[in-house]
Asks: 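Below is one structure. I have some questions about it.
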Amino acid sequence: QVQLVESGGGLVQTGGSLRLSCAASGQTSSFATMGWFRQAAGKEREFVAASWRSLSTSADSVKGRFTISRDNTKNILYLHMNSLKPEDTALYFCAASAGPLPTKSAEYTTWGQGTQVTVSS
């Protein structure tokens with residue numbers, strides 16, 4: 001069983017930066033891709049970024065501002081967020097999948113509890 005625990009969220013001003021972390025424990029060899037999703041109040045959960053082996057992909061809305069990275073020795077996934085905007089405000093989730101870089105939430109089988117990111121204008 002894999003457990004994912006996110007941290008690093010908080011309140012930041014427009015243009016600021018945050019780094020989210022996701023610590024994985026348990027049978028981490030059972031999944032290949034780790035990713036980030038977010039869900040704003042009243043909206044559907046949306047894909048943010050994912051990492052698989054040496055490859056990664058991200059949503060157009062965060063390209064050039066967010067970077068995903070992964071420390072496999074420590075089983076930690078990061079999301080480096082720069083130039084934050086109020087529309088980035090959401091609950092950010094870490095997730096794991098056995099597939100190669102899926103972008104749909106249904107393809108992820110394990111989820112963390114989320115960490116809140118709030119960007120003030």
Side-chain angles (χ1 to χ4, degrees):
Q1 186 176 358
V2 175
Q3 289 186 323
L4 303 175
V5 179
E6 304 94 334
S7 62
L11 174 64
V12 64
Q13 292 185 334
T14 296
S17 299
L18 281 175
R19 187 186 74 169
L20 304 184
S21 299
C22 172
S25 61
Q27 296 180 344
T28 57
S29 61
S30 63
F31 58 82
T33 295
M34 292 186 72
W36 290 98
F37 287 76
R38 66 186 182 185
Q39 187 166 17
K43 295 187 177 181
E44 293 187 355
R45 191 170 297 188
E46 65 173 357
F47 172 76
V48 175
S51 171
W52 173 65
R53 296 183 179 178
S54 62
L55 300 176
S56 64
T57 186
S58 60
D60 289 343
S61 59
V62 305
K63 274 188 170 65
R65 300 188 299 121
F66 292 10
T67 302
I68 189 170
S69 65
R70 191 168 171 176
D71 186 337
N72 290 319
T73 62
K74 298 180 180 179
N75 285 333
I76 298 178
L77 180 73
Y78 299 102
L79 185 66
H80 307 264
M81 305 187 294
N82 298 315
S83 302
L84 283 161
K85 306 174 182 180
E87 50 263 46
D88 294 319
T89 295
L91 187 61
Y92 283 72
F93 296 92
C94 173
S97 170
L101 285 180
T103 60
K104 296 181 179 180
S105 59
E107 297 182 68
Y108 287 78
T109 56
T110 302
W111 294 82
Q113 293 299 308
T115 185
Q116 178 68 37
V117 171
T118 302
V119 184
S120 63
S121 57

Asks: Group every Ile, Leu, Val, Met, Phe, Trp and Tyr by side-chain heavy-atom contacts under 4.5 Å, then state whether Met81 and Phe47 land in the same group.
Replies: no
Asks: Could you tell me the separation between the SG atom of Cys22 and the CG atom of Asn75, rounded to the nearest 0.5 Å?
Replies: 10.0 Å
Asks: Using the rule that Ile, Leu, Val, Met, Phe, Trp and Tyr join whenever any side-chain heavy atoms are under 4.5 Å apart, tell me whether Leu18 and Phe93 fall into a single cluster.
Replies: no
Asks: For the CG atom of Leu101 and the CZ atom of Arg53, what is their distance to the nearest 0.5 Å?
Replies: 10.0 Å
Asks: Mind checking the OG-CD spacing from Ser61 to Glu46? Nearest 0.5 Å is all I need.
Replies: 5.5 Å
Asks: Tell me whether Tyr78 shares a hydrophobic cluster with Tyr92, the cluster being built from Ile, Leu, Val, Met, Phe, Trp, Tyr side chains joined at under 4.5 Å.
Replies: no
Asks: Using a strict cut-off of less than 4.0 Å between a Lys/Arg side-chain nitrogen and an Asp/Glu carboxylate oxygen, indicate whether Asp88 and Lys85 qualify as a salt bridge.
Replies: no
Asks: Please answer whether the main-chain N or O of Ser120 pairs with a side-chain N or O of Thr14 as donor and acceptor at a distance below 3.5 Å.
Replies: yes
Asks: Mind running side-chain contact (heavy atoms from CB on, under 4.5 Å) on His80 and Ser17 for me, showing each step along the way?
Replies: CA-CA 8 Å; His80 307 264; Ser17 299; over 6 Å; no
Asks: On a heavy-atom basis, which atom in Ala90 and which in Ala40 lie closest, and how many Å separate them?
Replies: CB-N, 3.8 Å
Asks: Would a single hydrophobic cluster contain both Leu4 and Ile68, if residues Ile, Leu, Val, Met, Phe, Trp and Tyr are joined by side-chain heavy-atom contacts under 4.5 Å?
Replies: yes
Asks: Output yes when a side-chain donor or acceptor of Arg70 lies under 3.5 Å from a complementary backbone atom of Ser51, and no otherwise.
Replies: yes
Asks: Check whether Gln113 reaches the backbone of Glu6 with its side chain - one donor and one acceptor, N or O, closer than 3.5 Å.
Replies: no
Asks: One pair to check against ring pair (Phe, Tyr, Trp, His ring centres under 6.0 Å): Phe37 and Tyr108. What are the steps and the verdict?
Replies: CA-CA 10 Å; Phe37 287 76; Tyr108 287 78; 5.0 Å; yes
Asks: Testing the basics here: between Ser58 and Lys63, what is the closest heavy-atom pair and its distance to 0.1 Å?
Replies: O-NZ, 2.5 Å
Asks: Is there side-chain contact between Trp52 and Ser97, with heavy atoms separated by less than 4.5 Å?
Replies: no
Asks: If Ile, Leu, Val, Met, Phe, Trp and Tyr residues are connected whenever their side-chain heavy atoms lie under 4.5 Å apart, and connections chain through other members, are Val2 and Met34 in the same group?
Replies: yes
Asks: Looking at Leu77, Thr110, Thr115, which one forms a side chain to side chain contact (heavy atoms under 4.5 Å, CB included) with Cys94?
Replies: Leu77
Asks: Thr33 side chain to Gly99 main-chain N or O, any donor-acceptor pair under 3.5 Å?
Replies: yes
Asks: Within a reach of under 6.0 Å around CD of Glu87, are more than 12 heavy atoms found that belong to other residues, nucleotides or ligands?
Replies: yes
Asks: Can you name the one residue among Val48, Leu79, Leu20, Thr89 that meets side chain to side chain contact (heavy atoms under 4.5 Å, CB included) with Arg38?
Replies: Val48
